[in-house]
Enquirer: 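A single structure is presented below for examination.
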Protein chains: 2
Amino acid sequence: MAPRESGEPESADRAAELEIVHLLRAVTVELGLHSARFAQANGMHATDVRALIALMDARRAGEETTAGRLGAALGLNSAGTTSVVDRLERAGLVRRVRGADDRRKVVVEVEERAVRLGQDFFGPLIARTVDLLTAYDERERAAIRGFLTGVRDAAAGAARGSAGLTG
Amino acid sequence: MAPRESGEPESADRAAELEIVHLLRAVTVELGLHSARFAQANGMHATDVRALIALMDARRAGEETTAGRLGAALGLNSAGTTSVVDRLERAGLVRRVRGADDRRKVVVEVEERAVRLGQDFFGPLIARTVDLLTAYDERERAAIRGFLTGVRDAAAGAARGSAGLTG
DNA sequence: GCGTGTATCTCGCTCAACGAGATAATAGGG
DNA sequence: CCCTATTATCTCGTTGAGCGAGATACACGC
């Protein structure tokens, strides 16, 4: 399936590599459950958490997020997007700001309260994760970084193309 | 925040470690979107995909999954669980089997069709991931394995305790 | 200042998931 | 063996997230 160069020891190695694949999936499952706990603890739904994450990501990258962009990132239509922003605004976690240049647009900004809420809940887990990394030297960290980058790009690339194979 | 042993060079390192944290989150987001595409492509919902994953995990571990266990794994109540199993059964992806020992129980078994469906969709991404791993030597792979195991356990541990910190 | 295109919102609907309670089977005491 | 308590699942009615269709508000060229 995957185009290999030549004859390395295969079947035994392959099992060890599959273990990492399952491990990665287990991580995504656990982190998903953790997000769900955050949602539940704050009377929110999974989509609202995903929206906050997208908004904070954009803010870190220094980009404004309009309602439309947010909806696209979440895979919602305009009605659903309005609904999400309504819920978050009602909860005091974001605010609507009319676009200065184009007044049709609605820029969604996260309130300071949402940032604090997220830090309080995810901070410990992040700290623990950072702590884990101190056990590895630079070469090992580079491997972790490279592997995660590769998986992210493969999954993102799978959006286009048949499924991101042979990339 | 995280209890450190002694004085290593901090702030610069911390930024590099946070990059990995963000990378990990990006991976979970992308894999989540990939699951969503799988769901959409097969007329399913996110919960149905999570259910299939849980069922296949259990099968790999050689365990039977009753309706109750499945619902607990998904965080659904009994009504919702019945609903999920109904949908999956209607789609021909699982079958209900009355428990042999305790006939109140309903064991949910995945149909061969569901396994093939999953392999067809996720196979390429898995192959790509396994391929990525061949670029690393055993020490680097051990680092990746150890890091993922640590994050998984930290997130799982966060279910109990204040948030899995200081574990 | 009118028409076309774009961004967001409103309305009505569907269906996933919930709470409450019904149904069915096991386990144990008399 | 019957009766009750307990456990596992399902049924019924309701809530609300997200959808499709269309309304509304603004932008921009003519």
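Just so it is clear: chains get the letters A, B, ... in the order the sequence lines come, proteins before strands, and each one is counted from 1. Quick caveat, the model's predicted, so the values are computed rather than measured.
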Enquirer: Is A:V27 reachable from B:I20 through a run of I, L, V, M, F, W or Y residues, each pair having side-chain heavy atoms under 4.5 Å apart?
Expert: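 Yes.
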Enquirer: Which residues satisfy the side-chain contact (heavy atoms from CB on, under 4.5 Å) test with A:E109, sequence neighbours excluded?
Expert: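 Per chain and number, A:E109 pairs via side-chain contact (heavy atoms from CB on, under 4.5 Å) with A:R95, A:V97, A:V107.
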Enquirer: Of all nucleotides in DNA chain D with an atom under 4.0 Å from a non-hydrogen atom of chain A, which is the first and which the last going 5' to 3'?
Expert: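 Counting from the 5' end, contacts occupy D:dA17 to D:dA27.
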Enquirer: Please list, chain by chain and in numerical order, all residues satisfying side-chain contact (heavy atoms from CB on, under 4.5 Å) with B:A39, sequence neighbours excluded.
Expert: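 Partners of B:A39 by the side-chain contact (heavy atoms from CB on, under 4.5 Å) criterion, ordered by chain and then number, come out as B:M44, B:V49.
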Enquirer: Kindly state each residue pair satisfying ring pair (Phe, Tyr, Trp, His ring centres under 6.0 Å) with at least one member in residues 40-75 of chain A, sequence neighbours excluded.
Expert: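 For residues 40-75 of chain A: none.
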Enquirer: Can you list everything that forms a side-chain contact (heavy atoms from CB on, under 4.5 Å) with A:R37? Sequence neighbours excluded, please.
Expert: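 Per chain and number, A:R37 pairs via side-chain contact (heavy atoms from CB on, under 4.5 Å) with A:L33, A:H34, A:F121, B:A158, B:A159.
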Enquirer: Does any pair with a residue in residues 62-84 of chain A pass side-chain hydrogen bond (donor to acceptor under 3.5 Å, both in side chains), and if so which ones, sequence neighbours excluded?
Expert: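 Only A:S83-A:R87 qualify under side-chain hydrogen bond (donor to acceptor under 3.5 Å, both in side chains).
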Enquirer: Could you state the atom-to-atom distance from CE of B:M44 to C1' of C:dC15 in whole Å?
Expert: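 Spelled out: CE on B:M44 to C1' on C:dC15 is 16 Å.
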Enquirer: In whole angstrom, what separates B:K105's NZ from C:dT23's C1'?
Expert: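 After rounding, the reported distance stands at 18 Å.
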Enquirer: With sequence neighbours left out, what residues match A:D86 under side-chain hydrogen bond (donor to acceptor under 3.5 Å, both in side chains)?
Expert: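 Applying side-chain hydrogen bond (donor to acceptor under 3.5 Å, both in side chains) to A:D86 gives A:R96.
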Enquirer: With sequence neighbours left out, what residues match A:R152 under side-chain hydrogen bond (donor to acceptor under 3.5 Å, both in side chains)?
Expert: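 So A:R152 forms no side-chain hydrogen bond (donor to acceptor under 3.5 Å, both in side chains) with any residue.
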Enquirer: List in numerical order all residues of residues 84-101 of chain A for which some heavy atom is under 4.0 Å away from an atom belonging to DNA chain C.
Expert: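 Hits under 4.0 Å, by residue number: A:R96.
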Enquirer: Can you name the salt bridge (Lys or Arg N to Asp or Glu O under 4.0 Å) partners of A:E140, sequence neighbours left out?
Expert: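 A:E140 satisfies salt bridge (Lys or Arg N to Asp or Glu O under 4.0 Å) with B:R139 only.
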Enquirer: Identify, with sequence neighbours excluded, every residue that meets side-chain contact (heavy atoms from CB on, under 4.5 Å) alongside B:V110.
Expert: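 Partners of B:V110 under the side-chain contact (heavy atoms from CB on, under 4.5 Å) test: B:L52, B:L55, B:M56, B:R59, B:V94, B:V115.
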Enquirer: Under 4.0 Å, heavy atom to any atom of DNA chain C: which of residues 71-83 of chain A qualify?
Expert: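 Residues of residues 71-83 of chain A under 4.0 Å from DNA chain C: A:S78, A:A79, A:T82.
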